[in-house]
Amino acid sequence: MAVFTVDQTKCNQDGICAAECPGRIVEMDPESGFPKPAADFEDICIRCGHCVAICPTGAFKLDWLAPEICQPVNEECDITPEQAEQFLCARRSIRSFKDTRIPRTDLEKLLQIACAAPSAKNQQPWHWIVVEDPAQVRQYAGMVVDWVRAVIQSNPAEADAMGLHRVVASWDEGYDRICRGAPHIIIAHADKTWHFSAEDCTLAISHLDLYAASIGLGACWAGYFYRAINMYSPLFEALGLPLDHLAYGAIMVGHPKFKYRRIPRRNPPRVTWK
Ligand SMILES: Cc1cc2nc3c(=O)[nH]c(=O)nc-3n(C[C@H](O)[C@H](O)[C@H](O)COP(=O)(O)O)c2cc1C
């Protein structure tokens, strides 16, 4: 079976597809001048689709990806450096939420954008759990607090270092430091044997976080929550993660109650120039 085909009536033989192929498995045939697959194409191809996406004439077609089904890049949507700086620096972790739920379609859109994140070898290893019901979020947050209480008992030094007493005290006073009263929480989990699951899931959640800000939603990483999933089996089981998976991140999402007016300062880069 051909793994890719090139429409020779459209191909301008610029060699960009070969230059951009991460596996260097698209080669320019010196005889015909057109791209051809290397012998190990099928074994090495990571299915990133770059060869199709980069071709300016739409000549390149993979057996699983035709140029016609790829959304064109809309240059009118390009943002200026000033807009990018403002957007990236003005994004905040949001911890006060309205009592409104996010429609399922918007949650689906968040996940769709999250899945556009880079991943090692294009493995896209992430799986998602979306806790849609706010009451269920509270219930799981309570389980995290159960875990926190157990850590305070079993490892008081670590509990002190992590400030866990404050988490319990707040919970007992009616304030949820785990999920901050957010209506939803989204968890990324992946195969624990894949070397890059942590990085890939983190990047996907970061994509989600940034896109959430762009559509007026608020989000905040839920560090205690995903740490608890991996360390507290009742929560792991309640969420139904596969046994060969770990949670690599969790993020609370909802409609922000307040609007930030300024950008707080951050440390300058600690950099060594070589
Ligand atoms: C891995 C990670 C875990 C975090 N866990 C929590 C958390 O459990 N609760 C919380 O309120 N914020 C949490 N945060 C948010 C950070 O506190 C926040 O990013 C930081 O204070 C900087 O604020 P900013 O995101 O608005 O710039 C977490 C952030 C990261 C990256």
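As the structure is a prediction and not an experimental result, all values here were calculated from the model. Both counts, for ligands and for their atoms, begin at 1 and track the order of listing.
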Legend entry - Per-atom contacts, ligand 1 versus Arg92 - under 4.0 Å to a heavy atom: 24 (P), 26 (O), 27 (O)
Inset, instruction - With heavy atoms of Arg180 as the reference, note each atom of ligand 1 found under 4.0 Å away. - result: 10 (C), 11 (O)
Legend entry - Side-chain H-bond candidate by donor/acceptor type, Tyr175 with Arg180, under 3.5 Å: yes
Legend entry - Heteroatom distance test (Gly223, ligand 1): nitrogen or oxygen, under 3.5 angstrom: yes
Inset, instruction - Would you confirm whether the ring centroid of Tyr248 sits within less than 6.0 angstrom of the ring centroid of Tyr226? - result: no
Inset, instruction - Distance to 0.1 Å, residue and atom name: give those for the protein heavy atom nearest to atom 29 (C) of ligand 1. - result: Trp221 CB, 3.5 Å
Legend entry - Protein heavy-atom partner closest to atom 18 (C) of ligand 1 - residue, atom, separation in Å: Ser93 OG, 3.4 Å
Inset, instruction - Pick one of side chain, backbone, both or neither for how Cys220 approaches ligand 1, counting any non-hydrogen atom pair under 4.0 Å. - result: side chain
Inset, instruction - Before signing off on this row, confirm whether Arg177 and ligand 1 have an N or O atom pair separated by under 3.5 Å. - result: no
Inset, instruction - May I ask you to list the atoms of ligand 1 that are less than 4.0 angstrom from any heavy atom of Arg95? - result: 10 (C), 11 (O), 12 (N), 15 (C), 16 (C), 17 (O), 18 (C), 21 (O)
Inset, instruction - Answer yes if the side chains of Asp209 and Trp221 hold a donor-acceptor pair under 3.5 Å, and no otherwise. - result: no
Inset, instruction - Return the residue, atom name and 0.1 Å-rounded distance of the protein heavy atom closest to atom 22 (C) of ligand 1. - result: Arg266 NH2, 3.6 Å
Inset, instruction - Please determine, by modelled atom types, if His245 and His189 share a side-chain donor-acceptor pair under 3.5 angstrom. - result: yes
Legend entry - Close-contact set for ligand 1 against Tyr224 heavy atoms, below 4.0 Å: 8 (O)
Inset, instruction - Using a strict 4.0 Å threshold on nitrogen-to-oxygen distance, state whether Asp172 and Arg149 make a salt bridge. - result: yes
Inset, instruction - Starting from the C-alpha separation in whole Å, work towards a yes-or-no answer on side-chain contact (heavy atoms from CB on, under 4.5 Å) for Cys115 and Trp128. - result: CA-CA 10 Å; Cys115 292; Trp128 303 97; 3.6 Å; yes
Inset, instruction - Consider every N or O of Tyr226 and every N or O of ligand 1, then say whether any pair is closer than 3.5 Å. - result: no
Legend entry - Subset of ligand 1 atoms that lie under 4.0 Å from at least one heavy atom of Arg91: 24 (P), 25 (O), 27 (O)
Inset, instruction - Would you please say whether a donor-acceptor pair under 3.5 Å links the side chains of Gln136 and Asp133? - result: no
